[in-house]
Student: 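Below is a structure I'd like to ask you about.
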Amino acid sequence: MPADPPLFSVKMRASKQGRHISGAERICPASAIPQVSQALTARALNHPHGEPDDISLRVQQLDAVTRIPALRVQSHNVRSVDDARGFFREFLASRGYSPRALDQLLSVTGLRGAMIVDARTGQRLDPNLERGVRATCMDADTDWSLPELQHGKQHAHEAIVLASKVAHAPRIVAEFCISDDPNYTTGYLATGSVYHRIPHCKDPGSTIGTRVFLYDASHEQLPATIDYIEHTAVLVTGIELGL
Ligand code: WAQ
Ligand code: MG
């Protein structure tokens with residue numbers, strides 16, 4: 001059998017007058033780098049936060065890529081913001097986890113990354129409180145021989161990729177997410193192999209939004225968890241389409 005061709009990470013970051021506007025990354029074979037570069041620069045130029053004056057594109061060959069299965073999507077028929085919060089609250093209570101994790105989700109906004117929160121105590125554990133921990137180096141396992149039809153940000157698709165990677169992180173037991181986009185009110189709770197999709201996580205127009213990764217282990221093991229989230233290259237297979 002021929003060896004798999006090497007894979008590359010293509011990362012885009014765009015800013016205006018030093019202020020971050022957008023960022024995105026893909027993992028692809030060399031043959032797709034031109035197509036991916038074009039799609040990512042187009043995305044940078046068409047971002048609702050404005051036209052950037054600085055776009056950087058970085059292409060790096062990856063040493064090793066791990067393939068993991070996508071979480072299974074389960075949509076919930078939640079009708080109000082109160083019900084959505086109740087869903088998160090009941091999950092925590094059913095596991096014996098601290099309700100403070102939900103307070104963190106609803107009160108912290110403006111991070112580039114996620115908070116890592118001790119599931120038992122609700123204490124925040126990640127080292128940089130201004131930034132959080134950013135999950136990077138992941139993508140959907142794409143068939144690059146077919147034309148790509150996606151343009152712009154695909155909230156659910158990108159969230160399933162991120163959540164699937166994070167759910168496979170050692171000692172992460174759940175993730176809570178609310179988008180910071182004012183008009184995107186669907187969030188999720190990922191745990192085990194399921195991505196629970198939850199409408200009405202916030203009122204339309206609200207600027208709150210963040211992510212909480214719930215961690216259940218002794219704190220000495222946290223650096224290995226953060227290293228996986230930030231650095232291990234992961235391709236997510238079998239994402240369900242048509243959300
Ligand atoms: N790693 C860790 N945290 C991140 C990352 C990342 N790569 N990207 C964003 N965050 C954190 C950060 O605190 C943001 O403020 C917050 O998450 C929300 O990010 O099925 O769009 O990109 O339809 O606004 C959910 C889709 C979409 C639900 C979530 O998040 C569905 C979304 P956003
Ligand atoms: Mg956002």
Side-chain angles (χ1 to χ4, degrees), residues 11-25 40 43-56 81-82 84-85 87-89 92 97-119 121-138 152-163 165-167 169 172 174-190 195 197-215 222 225-227 229-231:
K11 289 191 172 130
M12 177 278 288
R13 287 184 76 150
S15 62
K16 183 174 189 162
Q17 290 166 346
R19 194 174 56 85
H20 175 82
I21 290 185
S22 70
E25 73 169 310
L40 290 179
R43 177 165 163 165
L45 290 167
N46 294 306
H47 197 276
H49 287 168
E51 187 166 302
D53 57 23
D54 189 319
I55 301 173
S56 77
V81 171
D82 277 353
R85 290 180 185 173
F87 191 95
F88 288 105
R89 198 177 299 112
L92 293 169
Y97 294 151
S98 168
R100 279 179 62 196
L102 181 57
D103 301 335
Q104 309 259 31
L105 181 75
L106 299 176
S107 63
V108 177
T109 280
L111 303 178
R112 286 198 61 229
M115 292 173 268
I116 299 186
V117 170
D118 184 312
T121 64
Q123 185 197 343
R124 187 159 170 200
L125 302 176
D126 52 299
N128 185 338
L129 300 183
E130 305 290 304
R131 178 179 180 273
V133 170
R134 253 185 102 70
T136 59
C137 258
M138 69 234 165
K153 176 161 176 158
Q154 311 270 322
H155 286 83
H157 189 267
E158 289 179 17
I160 293 166
V161 171
L162 187 154
K165 178 178 182 186
V166 169
I172 295 293
E175 178 190 350
F176 293 178
C177 171
I178 300 178
S179 175
D180 57 16
D181 300 7
N183 295 315
Y184 203 89
T185 60
T186 301
Y188 65 86
L189 188 172
Y195 176 100
R197 192 160 194 250
I198 307 167
H200 304 301
C201 279
K202 63 177 186 177
D203 291 313
S206 161
T207 53
I208 69 160
T210 195
R211 277 183 162 94
V212 171
F213 299 161
L214 281 182
Y215 178 83
L222 188 60
T225 298
I226 294 178
D227 185 60
I229 291 171
E230 292 183 332
H231 301 301

Student: Please tabulate, for the side chains in residues 97-105, all donor-acceptor contacts under 3.5 angstrom to protein atoms that are two or more places apart in sequence or on a different chain.
Tutor:
residue, atom, partner, partner atom, Å
Ser98, OG, Arg100, N, 3.0
Arg100, NH1, Thr121, O, 3.3
Gln104, NE2, Gly122, O, 2.8

Student: If you count every heavy atom of other residues, nucleotides or ligands that lies below 6.0 Å from Arg124 atom CZ, does the total exceed 12?
Tutor: yes

Student: Over all heavy atoms of both residues, which pair between Met138 and Glu25 is shortest? Give the atoms and the distance, please.
Tutor: N-OE2, 3.7 Å

Student: Tyr215 versus Leu125: any side-chain heavy-atom pair under 4.5 Å?
Tutor: yes

Student: Would you mind reporting whether Asp203 and Val81 have side-chain heavy atoms less than 4.5 Å apart?
Tutor: yes

Student: Tell me whether Glu130 contacts the main-chain N or O of Leu111 through its side chain, where contact means a donor paired with an acceptor under 3.5 Å.
Tutor: no

Student: Between Tyr195 (side chain) and Leu189 (backbone), is there a donor-acceptor pair under 3.5 Å?
Tutor: no

Student: Checking Arg43 against Glu158 for the salt bridge (Lys or Arg N to Asp or Glu O under 4.0 Å) test, could you report, in this order, the C-alpha distance in whole Å, the side-chain angles of both residues, the deciding distance, and whether it holds?
Tutor: CA-CA 14 Å; Arg43 177 165 163 165; Glu158 289 179 17; 2.8 Å; yes

Student: Does the side chain of Gln17 reach to within under 4.5 Å of the side chain of Asp53, using non-hydrogen atoms?
Tutor: yes

Student: Mind checking the NE2-CG spacing from His157 to Leu162? Nearest 0.5 Å is all I need.
Tutor: 12.5 Å

Student: Between Ile172 and Thr225, is there a side-chain heavy-atom distance shorter than 4.5 Å?
Tutor: yes

Student: Under 3.5 Å, is there a donor on one side chain and an acceptor on the other for His155 and Asp181?
Tutor: yes

Student: Mind listing the closest non-hydrogen atom pair of Ile229 and Ala169 along with its distance?
Tutor: CG1-CB, 4.0 Å

Student: Test your reading of the model: is there a side-chain donor-acceptor pair from Asp118 to the backbone of Gln123, 3.5 Å cut-off?
Tutor: no

Student: Between the main-chain N or O of Ile208 and the side-chain N or O of Lys202, is there a donor-acceptor pair closer than 3.5 Å?
Tutor: yes

Student: Please give me the minimum heavy-atom distance between Gly113 and Arg134, naming the atom from each residue.
Tutor: CA-CG, 3.8 Å

Student: Which atom pair, heavy atoms only, marks the closest approach of Ile21 to His47?
Tutor: O-CE1, 3.5 Å

Student: So, the side chain of Thr186 versus the backbone of Ile198: is there a donor-acceptor pair under 3.5 Å, distance only?
Tutor: no

Student: State, to 0.1 Å, how close Gly132 and Asp126 come at their nearest heavy-atom pair, and which atoms those are.
Tutor: CA-OD2, 3.3 Å

Student: Kindly compute the distance separating CG (Leu45) from CE (Met12), expressed to the nearest 0.5 Å.
Tutor: 8.5 Å

Student: Could you tell me which non-hydrogen atom of Lys11 sits nearest to which non-hydrogen atom of Cys137, and how far apart they are?
Tutor: NZ-SG, 4.3 Å

Student: Any side-chain heavy-atom pair from Thr207 and Thr109 closer than 4.5 angstrom?
Tutor: no

Student: In this structure, which one of Phe87, Phe88, Phe213 forms a ring pair (Phe, Tyr, Trp, His ring centres under 6.0 Å) with Phe176?
Tutor: Phe88

Student: Below 4.5 Å, heavy atoms only, C-beta onward: do Thr185 and Cys201 meet side chain to side chain?
Tutor: no

Student: Output all residues satisfying side-chain contact (heavy atoms from CB on, under 4.5 Å) with Cys177, sequence neighbours left out; order by chain, then residue number.
Tutor: Glu175, Tyr188, Arg211

Student: Can you tell me if Thr136 uses its side chain to pair, donor with acceptor, with the backbone of Glu230 under 3.5 Å?
Tutor: yes

Student: Is there a side-chain contact between Arg13 and Ile55 in this structure, where contact means two heavy atoms from C-beta onward sitting under 4.5 Å apart?
Tutor: no

